[in-house]
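Just below is one structure, and these are the notes that go with it.
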Amino acid sequence: MKYKALKSAAHNVGRSFASSLNWRDNDYVMSHLARAVVTSGEVELDVDLLSGRAQPPPLLAEPVQASVADYVRRFPDMLRSQRISPEAVRAAIMRVRFQPERRVEMKEGIGGWTIPYECLVSLTDDHGRIHEGRLAGRWGVDNFNVTPPWRRRLGWWLSGFLRSWRAYRLRQRGM
């Protein structure tokens with residue numbers, strides 16, 4: 001086994017968790033988590049990927065808890081898929097931290113807000129070395145519960161309609 005692959009595995013686990021493929025209960029898990037952060041005041045989710053312990057409880061709504069349990073269950077298979085022996089990993093911690101004080105309301109389209117986040121996955125190998133995968137970004141959360149494909153279609157339709165309306169109004173004014 002190549003120990004260099006552990007850094008890549010850590011990054012991939014974090015990227016997978018904080019992606020649009022992590023979907024539960026009619027919304028993205030990161031959206032469920034971001035809403036819980038804003039309402040509870042807790043800013044960091046800590047997950048032990050080996051034991052399954054996660055905290056704090058206010059951030060562990062059912063969809064988030066189900067996703068965490070699924071990641072813990074699949075973690076050894078994720079390692080094997082990258083040619084890493086699960087026995088070589090002694091500790092695996094994932095921390096997802098949000099910055100609610102930097103939350104920004106979206107002005108255009110349907111509404112919602114974005115919030116900065118950072119996801120850090122730390123894997124400790126059997127030699128005691130720590131391999132970290134870190135990613136940061138902004139997560140967009142809508143203010144209503146419409147599934148994303150419909151939201152995208154509605155946004156496209158509205159933007160096309162507004163472009164057509166503006167062009168029509170300009171022609172009416174002779175511009």
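Sequence positions, counted from 1, serve as the residue numbers for this chain.
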Where do W113 and R35 land on the side-chain contact (heavy atoms from CB on, under 4.5 Å) test, with the steps shown first? CA-CA 10 Å; W113 43 274; R35 286 187 192 101; 4.2 Å; yes
Tell me whether S31 contacts the main-chain N or O of D27 through its side chain, where contact means a donor paired with an acceptor under 3.5 Å. no
Check for a donor-acceptor pair, side chain of S16 on one end and backbone N or O of V13 on the other, with a separation under 3.5 Å. no
Considering only heavy atoms from C-beta outward, does the side chain of [X] approach that of [Y] to under 4.5 Å?
| X | Y | result |
| --- | --- | --- |
| L120 | M94 | no |
| E132 | V121 | no |
| Y168 | R163 | no |
| D48 | D46 | no |
| R90 | D125 | no |
| H127 | Y3 | yes |
| V104 | R138 | yes |
| H131 | S122 | no |

Between [X] and [Y], which heavy-atom pair has the shortest distance, and what is it?
| X | Y | value |
| --- | --- | --- |
| L79 | P86 | CD1-CA, 3.9 Å |
| R134 | H11 | O-ND1, 4.0 Å |
| V37 | V43 | CG1-CA, 4.2 Å |
| I115 | P100 | CD1-CA, 3.7 Å |
| V96 | C119 | CG2-SG, 3.9 Å |
| L135 | A18 | CD1-CB, 4.2 Å |

How about R129: does its CZ atom have over 12 heavy atoms from other parts shown lying under 6.0 Å from it? no
Do I93 and L33 share a hydrophobic cluster (ILVMFWY, side-chain heavy atoms under 4.5 Å, transitive)? no
Name each donor-acceptor pair under 3.5 Å that joins a side chain in residues 53-61 to protein atoms two or more places apart or in another chain, with its distance.
residue, atom, partner, partner atom, Å
R53, NE, S51, OG, 3.1
R53, NH2, S51, OG, 3.3

Distance col, row M30:CE vs W23:CH2, nearest 0.5 angstrom, shows 14.5 Å
Between CD of E62 and OG of S67, what distance do you get to the nearest 0.5 Å? 10.5 Å
Indicate yes or no: does R97 engage E118 in a salt bridge with an N to O separation below 4.0 Å. no
Is the shortest distance from a Lys or Arg side-chain nitrogen in R73 or D70 to a carboxylate oxygen in the other one below 4.0 Å? yes
If you take the centroid of each ring, where Trp contributes its six-membered ring, are F98 and W139 closer together than 6.0 Å? no
Is there any ring-ring contact (aromatic ring centres under 6.0 Å, His included) pair reaching into residues 29-71, and which pairs are they, with sequence neighbours excluded? F17-Y71
Just grab all the ring-ring contact (aromatic ring centres under 6.0 Å, His included) pairs involving residues 35-56, residues at least two apart or on different chains. none
Any chance you could lay out the salt bridge (Lys or Arg N to Asp or Glu O under 4.0 Å) test for R80 and D77, step after step, and finish with the verdict? CA-CA 5 Å; R80 283 187 204 100; D77 294 330; 2.8 Å; yes
Are S85 and E87 linked by a side-chain donor-acceptor pair shorter than 3.5 Å? yes
Strictly by modelled atom types, are Y28 and D142 linked by a side-chain donor-acceptor pair under 3.5 Å? no
